[in-house]
Structures are given as structure tokens and as C-alpha cells.
There are 2 protein chains.
Amino acid sequence: MKKKIVRIKDIAEKAQTSKGTVDRVLHNRGRVADDVRERILKIIEELNYEPNFIAQSLKSQRTFNLVALIPDPHVDPYWEAPKAGLEKAEKELRQYGIYISQLIFNPHEVTSFIAKAEEATKENPDGVLIAPIFYKEVLPFFKEWATKDIPYVLFNTQIEHVDPLCYIGQDSFQSGELAAKIICFGLQSPGSILVAHINEDISNSAHLITKEEGFRNYFARKAEREKFRIVTKEINFSEGTSLDMQLDQILTDEPQLSAVYVTNSKAFEIASYLERKGLNDIKLVGYDLLKPNLDYLDKEIISFLINQNPLGQGYWGIHQLANHLVFKKEIQPIKFLPLDIITKENLDYYLDPE
Amino acid sequence: MKKKIVRIKDIAEKAQTSKGTVDRVLHNRGRVADDVRERILKIIEELNYEPNFIAQSLKSQRTFNLVALIPDPHVDPYWEAPKAGLEKAEKELRQYGIYISQLIFNPHEVTSFIAKAEEATKENPDGVLIAPIFYKEVLPFFKEWATKDIPYVLFNTQIEHVDPLCYIGQDSFQSGELAAKIICFGLQSPGSILVAHINEDISNSAHLITKEEGFRNYFARKAEREKFRIVTKEINFSEGTSLDMQLDQILTDEPQLSAVYVTNSKAFEIASYLERKGLNDIKLVGYDLLKPNLDYLDKEIISFLINQNPLGQGYWGIHQLANHLVFKKEIQPIKFLPLDIITKENLDYYLDPE
DNA sequence: AAATTAGGTGTGTTCGAGCACGTTTTGAAA
DNA sequence: TTTCAAAACGTGCTCGAACACACCTAATTT
């Protein structure tokens, strides 16, 4: 019933040699006669030896200094969650010698990002976790880290044609499809649907475009395009025209508006407008469990939120690095996190996991 | 930047004593002069020493034999997932000396359950994970385990007025409310809604009743009762009348039927009927990612499934026992798992977690 | 006064893996 | 045959915590 743990010593005894030799075989350190190596390998196979990583990590005492490059949560509160996630992971993994230094940059200033990325490189870390929101600017750093053999994990924003240890985040296309499905389920009568990109520099946000593609693809596949008219708007109100004016205009153009899909975490802006104007029948779907979003979810002005699990992104990002560095596990190049559908009724269970 | 790990030896040196003495203080083993004890405690506080559990568990070599009492997956495939979950946990925790013996009982035979529960008791395990689907019969065992100081974790079915280490599962009431919310979102026009308990002994399944209460509560709160007529039916077709006959009857009584809520994992039975009869407009919501359910989810005959995360129940159940026994962590008496809303579009991410 | 006991305290070994270093063997050159 | 380096292999210490055991001292019993 109780399986005995197989130790290096056991292998050595069975192979009539010493643990030093077995150790050399295990770590390919050479200096072992071929016949002995063969014999030992066979026995390892036989007993299916698995290294005791408790003993391993006790011994190795090695510390790993990781760097996390994330946008400033004070500028955009969305980033609080990934930060919390990586801190949670750090706490769990400190035992295994994982240390993280956080480098926080301003998501609206490229120079700030570059400065921090340079700082990260200078630290010569054992691994990097990064939210690569500046596409063009991050590429040279990826190159440099690659030559220095520093593994880096991407999260939040997927970037093609680079070679990270892995990407953690959501499948944006699928995410758009999911939003479409939900809205479609809630709409019986025809009408128009607004896809809103709010306060976002679209040219630098490929994932928002991908979401929209997924969204439109759903309706295209359903061949219900005739029934629903889908219009896209970029809404920016930091400078110039106000939100209300822009939305007023949209409603004038689309009097039949029956649903709004907000592609980032700013659904509360639309919700505020709908509440003030008393437009209770317009379905609203957005992203992320930010405080203002949750308020409107509770009032049922926002119908559903899709959770990107930003905490999980930070948490798993660090864990993937640890799995690679400490536990030498094989890492899948992509880890898609679930597309959680959140409504007032199941919200609680997603708020602070674990 | 790098925090040094504080060891027992460090404390000993600072207190001008030996690690043996510090050890006695740490474990309250007595035989330490009062002044020395005070001094050591203060230093422990100061350096905020945290035991290195890697070294701890390497040394202690203690093994923990757990027992898992679960229904036979061959009788009801629902139980495959918890089984897989606890096996996953076992794999992760074997390093820490956790062993599990599975005792599988027939969920339709009380005697089988009692026999296995007795067997479990005889093994004198260090902890028990149990799906207590037989309410009355399980109570004496809880009592016995309590006197023997064997911690037990409940999952799937919550039982009041007993004192488990913790309960893992869902909030059934909330689960019912969630289902109501989804259905309500999808229905604009009036009609009647069927709550179906399929092939289940209701008298012994309190959680199904609770789900229905939550479901009805949602509509009651909304005061939309006038708009929607909610009817409950127990549908059993293992003996006597067939499923089709019973559903035909229901449809005759309720020609306006616009949605069905199945309280357990048997939604596919209704789906099969709806498909055969070509009733595409009836919304169907049920539970659990069983193969037949998934097929109908893919065909969009089932609109949404609520995931009880049965794999997670097994997984976390074992982990809670380990947290208690091995890591001496404080355990929350209830761990509600998220009420995941699953549809065709986000299904993939819930299928094999991790 | 000698013997015993209880109260304190320090030392040394163990867990399994990793690695430095020391030792033996081998084969080829002197 | 002797010499010597490279190859092959074994020994022993280390990581931090746990615990058995040995040790010392002072108080109590005979």
C-alpha cells in the first residue's frame, strides 16, 4: 500500500556503485563508464525514481531574482490585481528562493516604460514578467533578454513572433465571441449593437481589435447580421468632447440601440450614462471587476462582466517562471485563463480567490 | 534587498544559547529556564522567524494516510471528476507524505456506503474526505471520527450541525438564483418555466431543494411572478413511464413553456427530448460538464451549464486536509467554489484546469 | 556524606540531494 | 617496469529542522 520513496542511495546500491556516480548520471556530468551509465539508467527507469524536490530545494539554497514590469496601478486601477497576484505568488514561493523586484512604469508614457525596462535589464534577473503594452518599444528588450538567456513571461497582451517562456492571458478572439453569445442570448428583437473602445489608443492595442473581430465573427457565423446592426466607435473624452455628447450623437444615429459591448474595463463610463438617461433596456457587457464596474453590476445596469482574471495573470506568470527555474518543469507556451462570466449572483466567488 | 532567511541557529546565537534550547521553546517542550525562554521568544518575534517547512518536511518524513469516500463513477459519471481531482492533489502532495486510499461506494445502496464507511474508520486514517450523500447514515460516523480526532472534509453536499474541518462545494441557494438570472436575461416575453428534478431521490437531496428555493427567490424578488409561471416536476424514468411521456404531459399542461432549469447533471435528458421534438426556442440551463451535456451545449440546445467544479472539489478537499495536517494552516470552515457559467464559447478553459 | 533525581542545556545524527574533493583504476608514454 | 595524467568512482560535508541523547548542576532523598 505505502510506496517507498526511491532515493539516489537505493539506486546506487542496486547498481552496486555509489551515490556520487548515480548523481553524475542524473545530471549528465560525464566521467562515468558507459556500461555503468547504462545500468544505472535502466535501474532509474525500473524504480521510476523521482527526485525529492524537497531535499533538492533545501540543498540548493539558490535564490532567483525575478523582475516584474507592470503599469502603475495608480494610473489605471486595473493593474492592482496583477500586482496583488504576483505578490501572492511571491509569498508562496519565497520558501523556494524566489524574490521579485517590481518595476512600475506609467502606461501612458513610453519613456517611462523604456527607462524601467533598461533598469530591469541592468539587474540581470533570472526571469522577467512583463505586460508588454508598448509593442514596438518592447521588441529590442526581448532580443536582449534572449541573448542573455533570461526567460520572460508575457501577460495581458499577446505578441506574435517573439519567443517568450510563455504567454498568460486570455484568448481575445474567443473573448469577443463569448461577449457576442451573451448579448445574443439576451436580445430577441432586432436592433443595433455598439462596440465601444473607450479611452484607448487603438493603434497600440491589438487585443481590442481581436476582441471586436471575435464579436463580429459570432454574428457573421450566425448570419444574423441583417437582424443586428453592429457599429464600432472609439470614444475618447480625456481631451475635447465629453462622453455624454458623443453618446448622445450615437443614440441619435442609432435610435434602435439595444446593446453595448465595451472592449476594455471602462464599461462603467457607459453605465453611468445609461443610468443618468434612464436607458434601462440597453444591455451592457464589459470587462473586469473594478469597483465602479461592480457598482453598476450590482444595480444590474451592467448585465455581465467578463473576468480577465488579472490577479491570476500575475500569479500564474510568476508561477510559470518558478516552474521553469526552480522545478524544471516543461512550460506550455500559452496558458489561456478561463473566460469567466460574472454577474451579480456569482460575483462573490471571484473576488478574492483562495 | 535580499532578505536573509532566519534559522534556528541564528536565534540561538543571538540569544547566546544553543539550537536545542530554541527548539524546545518553539515546540513548547518545556525544560527551559523562564528567563531564557522569554529572551528567546523576544528574539523570535524580533527577527520574525518563520520555520522553513522545506527542511521541516524533509526531516519529519511523517506520512499521512487519508481516506476518500466517494460514490462509484461507474454508476454516476459525475463522480469521475472529484476522483480525478483528488488524484491530482495526491500526486502533488505525495512529496509531503500524503497517501490516499479510495473507498468507492454505490450511491444507490445505503449498505454499500455503511460498509465502506466502517472500513474507513478501521483504517484509522489521519483524515477523511467524504461526499456525504446519505444524510442520516453518515451522522454516527461523524461522531466516531470526532471522538477519534480524525478531521473530515465534506464536499458536494453541505450538512448542518456537524463539525467538519471544512465544507467544499457550492452555495446551492445562490446557484439557483444564478440560474434564474440567466434564464431571466434570456426571456423577454412571458411564459412558464419548468424546474426539473431528474432521477433523484428528493427526500435525500436537500441541496436540490435549496437550489429550487434560490431559483424561486430570484423571481419572487423581481416581482415578475405574474410574468413567469414556475412549475416544479420530479421526473423519474428508471421505472414506469418514459421520459417522453412525462414531458409530453408537461407540455400539454404548459403550452407556453419557454425555459427549463434542471437542478442536477441530467440536463442532457431534456435536451435529447427537445432536439427530437424540434423545440428550439425553449431555453435550457443545467449543471456539470458531462460528455452528453457538452454535446448538447455544442449544438446550443443547452444554453448554459453551471459548473460545480467537481474536480476542484476533490482537489481542494485533499488540499485542505493537507493544509491542516502538513502545513498547520488555519482552515476556513467553508470553501465555496465559484459558480462558473459555461457556454460553448468558454467551455475549453474549464475542461482540464491547470 | 553519598546517591539519586529533576531541571536545564548542548551535541550529534538524520532526512535526500548536490557537489567538492579525495581516492582508485586504467592506459599510454617514458 | 616505472611514471603520470586522465578517467572513473567513492566519501563526506552541507542545507534547516527535529529529536534523541549526553552532559552538567543543584536540590532532594537515603
Side-chain angles (χ1 to χ4, degrees), chain A residues 2-41 43-44 47-64 93-98 325-328, chain B residues 2-41 43-44 47-64 93-98 325-328:
Chain A
K2 293 181 197 178
K3 276 173 282 181
K4 263 252 196 83
I5 284 181
V6 181
R7 301 159 303 167
I8 287 187
K9 205 181 156 195
D10 299 322
I11 299 168
E13 274 166 17
K14 197 150 190 180
Q16 308 192 75
T17 173
S18 74
K19 66 200 189 83
T21 306
V22 176
D23 179 74
R24 275 181 287 266
V25 172
L26 280 168
H27 296 84
N28 291 313
R29 263 192 274 245
R31 311 211 148 231
V32 177
D34 283 354
D35 58 328
V36 180
R37 141 179 271 102
E38 296 288 311
R39 200 168 66 223
I40 290 178
L41 282 174
I43 292 177
I44 287 175
L47 305 182
N48 69 80
Y49 166 78
E50 284 189 22
N52 179 335
F53 81 69
I54 294 178
Q56 233 167 12
S57 56
L58 173 62
K59 180 71 224 308
S60 76
Q61 287 305 97
R62 205 194 136 177
T63 62
F64 298 90
L93 295 168
R94 218 181 21 218
Q95 297 269 10
Y96 300 99
I98 298 278
L325 295 168
V326 184
F327 307 114
K328 317 270 182 220
Chain B
K2 293 182 194 175
K3 277 172 282 181
K4 263 249 194 82
I5 284 183
V6 182
R7 302 159 302 168
I8 286 187
K9 204 182 157 196
D10 299 321
I11 298 168
E13 274 166 18
K14 197 150 191 179
Q16 307 192 73
T17 174
S18 73
K19 62 200 187 85
T21 306
V22 176
D23 180 75
R24 276 182 286 265
V25 172
L26 280 168
H27 297 84
N28 293 313
R29 263 189 273 241
R31 312 208 149 230
V32 178
D34 282 355
D35 57 328
V36 180
R37 143 181 269 100
E38 296 288 310
R39 201 168 68 223
I40 291 177
L41 282 174
I43 292 176
I44 288 176
L47 305 181
N48 68 79
Y49 167 78
E50 283 189 22
N52 179 335
F53 83 67
I54 293 178
Q56 236 169 12
S57 56
L58 173 61
K59 180 69 224 308
S60 76
Q61 290 301 99
R62 213 202 125 168
T63 61
F64 298 90
L93 295 167
R94 217 183 18 219
Q95 298 268 10
Y96 300 98
I98 297 279
L325 295 168
V326 183
F327 307 114
K328 317 272 183 220

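Letters go in sequence order (proteins before strands), and every chain restarts at 1. Just the heavy atoms: all of them, side chains too, but no hydrogens, waters or symmetry mates, feed the values below. Because the structure is a prediction, the values reported are computed rather than measured.
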Does the side chain of A:I11 reach to within under 4.5 Å of the side chain of A:V6, using non-hydrogen atoms?
-> yes

Give the B/S/- string for nucleotides 7-19 of chain D, one per nucleotide from 5' to 3', where a protein heavy atom under 4.0 Å of the base yields B, of only the sugar-phosphate yields S, and otherwise -.
-> BBBBBBBBBBBBB

Take A:Y49 and A:I8, measure what side-chain contact (heavy atoms from CB on, under 4.5 Å) needs, and give me the verdict at the end.
-> CA-CA 8 Å; A:Y49 166 78; A:I8 287 187; 3.5 Å; yes

Please check if atom CG in B:D35 has more than 12 non-hydrogen atoms from other residues, nucleotides or ligands closer than 6.0 Å.
-> yes

Could you check if a side-chain atom of B:I40 sits within less than 4.5 angstrom of a side-chain atom of B:I44, using non-hydrogen atoms only?
-> yes

Check whether any side-chain heavy atom of A:R37 lies under 4.5 Å from a side-chain heavy atom of A:L41, and answer yes or no.
-> yes

Are any of the side-chain heavy atoms of A:V22 and A:T17 separated by less than 4.5 Å?
-> yes

B:T21 side, atom OG1; B:R39 side, atom CZ - distance, nearest 0.5 Å | 9.5 Å

Per the end-axis method with five pairs at each terminus, what is the bend angle of the helix from C:dA1-D:dT30 to C:dA30-D:dT1, to 10°?
-> 80°

